[in-house]
Every structure is written in C-alpha cells, then in structure tokens.
Amino acid sequence: GIDLDGTLLNSEQKISHKNAASLKSLSSDCFPFICSGREVGDIQAILKEADLAIPAVGLNGAIGYDQDKLIFDFPFDPQAVKEVSQIVSAFPTKIYTNQGSYESQNYQEEMKNIFYAIGQEFPVEELNYELDYENTIQSTAYDAIEEIINQKNINVYKLFVFVPNREIKKE
C-alpha cells in the first residue's frame, strides 16, 4: 500500500515519471495499491494522468476500487454521523459520501479563521497545502447535518474536521 500525499506525489501533486515507471516495472507477484485519505475519484484521476491502472483504497480505508469495480465500502451509521457532527460543529467540516462531498458553510474562510486563532504551532504552509487541495474538490455547502444524512441512498464515508491544534484535537 502506497500513500499519495507526502509519499508518492511530488510538489505539483502528481506522480513523477520515475515513480510511475517504477510501479509499472514491478514483477507480477507484487500487488501495489494506493491507500489514501483522498476520494477514490481523485486518486483514479491522478493514476490515470500517470498512465497507471492499480487498485485504490480511499477516504482513509472506507472504500476500495479496482478500476471501476467496487471492492468494499464501510459507511458510517447515520446516527453516528449526527453525533460526531454535534461534537465538532464549531470547526470547519467536510463530509465525503457516495453522492459527492459536502462542507460546512464558508468552509475555506473558516479554515483560515480557525488556523489563525488556534493554529500557531503549525507553519502557514500546512494551511496553504490544505487550501490548495480543497480547491481541487467540488463540494456542496450545508447548514445542518440532516440535509445530508436524510438523503435517500446516501453513504457517509469520511468526516474531515479541520482542527489545527493538537490539544484541542485531543479533546
């Protein structure tokens, strides 16, 4: 299993030609796959650009695909999503589902606000990296979690809560 961010991707968030060639040259008894916190569609686009066709496990292990074939998925229970959402409601939150991603109101602006309010232990480059990544994701803003979990046939796979402070995150 190979991670993307900080591992396989270069500073342009792409797989280098050298890394792609290395993956293509592996013997047939090797089984490489991507394992990332990113959405599978995002992973697949990165792999396609590098001309790679390997399985991908995305959203921190919640869903796995081999090309277009779903291998597994582990969605959250809607009641658990509601309970977690109540606990983290003061922080910018992104919710990844089988029907796209959703974000709390003014998500990126709130990320900046919370970073400058409580994120002094981290360099601003970490915030900028998150914001650059967020600009690649199309999301729908939501006001209340019920707008998401009450949708028919929706599966929630990941909640990303932006808390740039280790002590507060621990709480």
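Bear in mind that the values here come from a model prediction, so they are computed numbers and not experimental data. The first residue of the sequence shown is numbered 1, and numbering continues consecutively from there. Keep in mind that the numbers below use all heavy atoms, side chains included, and drop hydrogens, waters and symmetry copies.
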Problem set entry | Residue that, paired with I15, satisfies side chain to side chain contact (heavy atoms under 4.5 Å, CB included) out of D51, N10, L52 | L52

Exercise. Do you know which of V156, I154, L159 makes side chain to side chain contact (heavy atoms under 4.5 Å, CB included) with Y102?
Worked result: I154

Exam field: side chain [X] to backbone [Y], donor-acceptor pair closer than 3.5 Å:
{"X": "N165", "Y": "I168", "value": "yes"}
{"X": "T7", "Y": "L4", "value": "no"}
{"X": "E130", "Y": "E126", "value": "no"}
{"X": "E49", "Y": "I46", "value": "no"}
{"X": "E110", "Y": "F162", "value": "no"}
{"X": "Q99", "Y": "Y96", "value": "no"}
{"X": "Q44", "Y": "D68", "value": "no"}
{"X": "N98", "Y": "N155", "value": "yes"}

Roughly how far apart are [X] [atom1] and [Y] [atom2], rounded to 0.5 Å?
{"X": "I43", "Y": "I54", "atom1": "CD1", "atom2": "CD1", "answer": "10.0 Å"}
{"X": "R166", "Y": "E121", "atom1": "CZ", "atom2": "CD", "answer": "4.5 Å"}
{"X": "T140", "Y": "E147", "atom1": "OG1", "atom2": "CD", "answer": "10.0 Å"}
{"X": "S16", "Y": "L9", "atom1": "OG", "atom2": "CG", "answer": "9.5 Å"}
{"X": "E146", "Y": "I148", "atom1": "CD", "atom2": "CD1", "answer": "9.5 Å"}
{"X": "D143", "Y": "Q105", "atom1": "CG", "atom2": "CD", "answer": "4.5 Å"}

Could you state whether [X] and [Y] fall into the same hydrophobic cluster, counting links through intermediate Ile, Leu, Val, Met, Phe, Trp or Tyr residues with side-chain heavy atoms under 4.5 angstrom apart?
{"X": "F160", "Y": "V40", "result": "yes"}
{"X": "Y107", "Y": "L59", "result": "yes"}
{"X": "L131", "Y": "V163", "result": "yes"}
{"X": "Y65", "Y": "L47", "result": "no"}
{"X": "F31", "Y": "L70", "result": "no"}

Of the non-hydrogen atoms in [X] and [Y], which two are nearest, and what is the gap between them?
{"X": "C30", "Y": "L26", "answer": "CB-CB, 4.1 Å"}
{"X": "P32", "Y": "P55", "answer": "O-CD, 3.7 Å"}
{"X": "S139", "Y": "S101", "answer": "OG-OG, 2.6 Å"}

For this session: Examine the side chains of Y129 and D5 and answer whether a donor and an acceptor come within less than 3.5 Å of each other.
Result: yes

Test item: [X] and [Y] side chains (from C-beta on) under 4.5 Å apart, heavy atoms:
{"X": "D66", "Y": "F33", "answer": "no"}
{"X": "I118", "Y": "E167", "answer": "no"}
{"X": "S104", "Y": "Y142", "answer": "yes"}
{"X": "E103", "Y": "T93", "answer": "no"}
{"X": "I114", "Y": "P92", "answer": "yes"}

Exercise. Does K24 NZ have over 12 foreign heavy atoms under 6.0 Å away?
Worked result: yes

For this session: Could you walk me through whether Y157 and E39 pass the side-chain contact (heavy atoms from CB on, under 4.5 Å) test, one step at a time?
Result: CA-CA 10 Å; Y157 294 114; E39 292 178 279; over 6 Å; no

Problem set entry | Pairing residues for Q67 by the side chain to side chain contact (heavy atoms under 4.5 Å, CB included) criterion, not counting sequence neighbours | A53

For this session: Could I get the full list of side-chain hydrogen bond (donor to acceptor under 3.5 Å, both in side chains) partners for N135, not counting sequence neighbours?
Result: Q108

When the side chains of residues 79-90 are checked against the rest of the protein, which donor-acceptor pairs come out under 3.5 Å, sequence neighbours left out?
from	atom 1	to	atom 2	distance (Å)
Q79	NE2	E83	OE2	3.2
S89	OG	Q86	O	3.4

For this session: For side-chain contact (heavy atoms from CB on, under 4.5 Å), just list the numbers for K158 and I63, CA-CA rounded to whole Å, side-chain angles, deciding distance to a tenth of an Å, and then say yes or no.
Result: CA-CA 10 Å; K158 177 180 176 179; I63 191 163; over 6 Å; no

Problem set entry | Candidate pair L23 and I2, rule side-chain contact (heavy atoms from CB on, under 4.5 Å), full reasoning | CA-CA 10 Å; L23 285 167; I2 306 166; 3.6 Å; yes

For this session: Just do the side-chain contact (heavy atoms from CB on, under 4.5 Å) check on D42 and I137 with the steps written out, would you?
Result: CA-CA 8 Å; D42 188 26; I137 302 171; 5.6 Å; no

